[in-house]
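In this text the structure is predicted, and so the values were computed from the model without any measurement.
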Amino acid sequence: MKNLTVKNYEKEQGQKIAANGAEFILKEIIPASDVTKCHANFVEVEPGHFAYGYHWHEVNEEVFYIIKGTAAVRTKDGEITLHAGDAVTFPAGPEGSHVIRNASETEKLVYLDFGTESPVEIAHMPDIKKMLVLAPRAKGMADDVI
C-alpha cells in the first residue's frame, strides 16, 4: 500500500466479474497495482449469484466480513449461513475451501474480502479440477494435479 486510503462501498465504482457461472461486482480498496502483503476488496453479489467459485489457496488466508445481506458459504464441512456483522476466516490449505453466494431472494449481499497476498500463489478449484497459478511473471489456469 503506497498511500493512506479511505473508501466507502456505496460510493466506489466497481468492475463486474462474470466467469465460470460466478457473477459479482468487485470494488478494490487496495488497487491490485499496490498490493504487496494483503488485499482488500468490497464484493457485491446480487440475489441468486455467487462470487468466484469453490476453491482453496496454497498460501493465502482470507477473512470475509458481511456488511449487508445474508450469505451462504460452502465449506469442506458443509454450508454455513452468515449475516451482517459476521466474519469468517479461511486458512490456507484444503481445510479453507470455500465459495460464497447470496442466500437472499431480494437483498444484495455486500462483504469485505480481506486476506494475505503472497507473490506466488496457487488456488485449487476442485469442482472443475483446475488450478489458477499466479506469480509476478506468470498467470494461468491448468488442470489440477491433486
Task: H57/H124 under side-chain contact (heavy atoms from CB on, under 4.5 Å): CA gap, chis, key distance, verdict - done: CA-CA 6 Å; H57 299 273; H124 297 271; over 6 Å; no
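- Atom CG of N60 and atom CD1 of I122 lie 11.0 Å apart (nearest 0.5 Å).
- Once rounded to the nearest 0.5 Å, the distance linking NZ of K27 with CZ of F42 reads 8.5 Å.
- Minimum interatomic distance between T5 and I29 (heavy atoms only, all atoms of both residues): CG2-O, 3.7 Å.
- No donor-acceptor distance shorter than 3.5 angstrom exists from the side chain of E58 to the backbone of A92, with no hydrogens or angles considered.
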Task: Steps toward side-chain contact (heavy atoms from CB on, under 4.5 Å) verdict (H49, E44) - done: CA-CA 10 Å; H49 292 280; E44 297 180 350; over 6 Å; no
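- At a threshold of 4.5 Å between side-chain heavy atoms, the hydrophobic network of Ile, Leu, Val, Met, Phe, Trp and Tyr places I67 and L109 in two separate groups.
- In this structure, F114 has its ring center at least 6.0 angstrom away from the ring center of F64.
- Using a distance-only test at 3.5 Å, with no hydrogens or angles considered, no donor-acceptor pair links the side chain of K129 to the main chain of D144.
- The backbone N or O of K76 sits nowhere less than 3.5 Å from a side-chain atom of S97 that would complete a donor-acceptor pair.
- Between the OH atom in Y9 and the NZ atom in K108 there is a gap of 8.5 Å [rounded to 0.5 Å].
- In terms of hydrophobic clustering, with Ile, Leu, Val, Met, Phe, Trp and Tyr side chains grouped at heavy-atom distances under 4.5 Å, I100 and M125 are assigned to different clusters.
- Side-chain atoms of N41 and E28 form no donor-acceptor pair, as typed in the model, at a separation below 3.5 Å.
- Remark: side-chain polar atoms of S118 are not paired, donor with acceptor, to backbone N or O of E121 under 3.5 angstrom.
- Taking the six-membered ring where the residue is Trp, the centroids of Y52 and F24 are separated by under 6.0 Å.
- Residues F50 and V45 come closest through the heavy atom pair N-CG1, 3.8 Å.
- The two residues P47 and S104 make their nearest non-hydrogen contact at CB-O, 3.2 Å.
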TODO: Go through V73 and L82 one step at a time and tell me if the side-chain contact (heavy atoms from CB on, under 4.5 Å) criterion holds.
DONE: CA-CA 8 Å; V73 180; L82 303 174; 3.7 Å; yes
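- Taken from NZ in K68 to OH in Y111, the straight-line distance is 15.5 Å, to the nearest 0.5 Å.
- Here the shortest heavy-atom pairing between A51 and V99 reads O-CG2, 3.6 Å.
- Neither L26 nor I30 shares a network with the other; the hydrophobic side chains, linked directly or stepwise wherever heavy atoms of I, L, V, M, F, W or Y lie under 4.5 Å apart, form separate groups for each.
- Using a 4.0 Å cut-off between charged nitrogen and carboxylate oxygen, E23 and K16 count as a salt-bridge pair.
- Side-chain atoms of D86 come within 3.5 Å of backbone atoms of H83 as a donor-acceptor pair (strictly under, hydrogens ignored).
- Under the 4.5 Å side-chain criterion, counting only non-hydrogen atoms from C-beta, V120 is in contact with P136.
- A salt bridge does not link K37 to E117: none of the charged nitrogens lies less than 4.0 Å from a carboxylate oxygen.
- Scanning both residues, I25 and G14, for their nearest heavy atoms gives CG2-CA, 3.7 Å.
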Task: Residue pair W56, T75: steps toward the side-chain contact (heavy atoms from CB on, under 4.5 Å) verdict - done: CA-CA 10 Å; W56 58 273; T75 73; over 6 Å; no
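- Taking CE from M141 and CG from N20, the interatomic distance works out to 6.0 Å, rounded to the nearest 0.5 Å.
- In terms of hydrophobic clustering, with Ile, Leu, Val, Met, Phe, Trp and Tyr side chains grouped at heavy-atom distances under 4.5 Å, I80 and V110 are assigned to different clusters.
- Centroid-to-centroid, the aromatic rings of H55 and H98 come within less than 6.0 Å.
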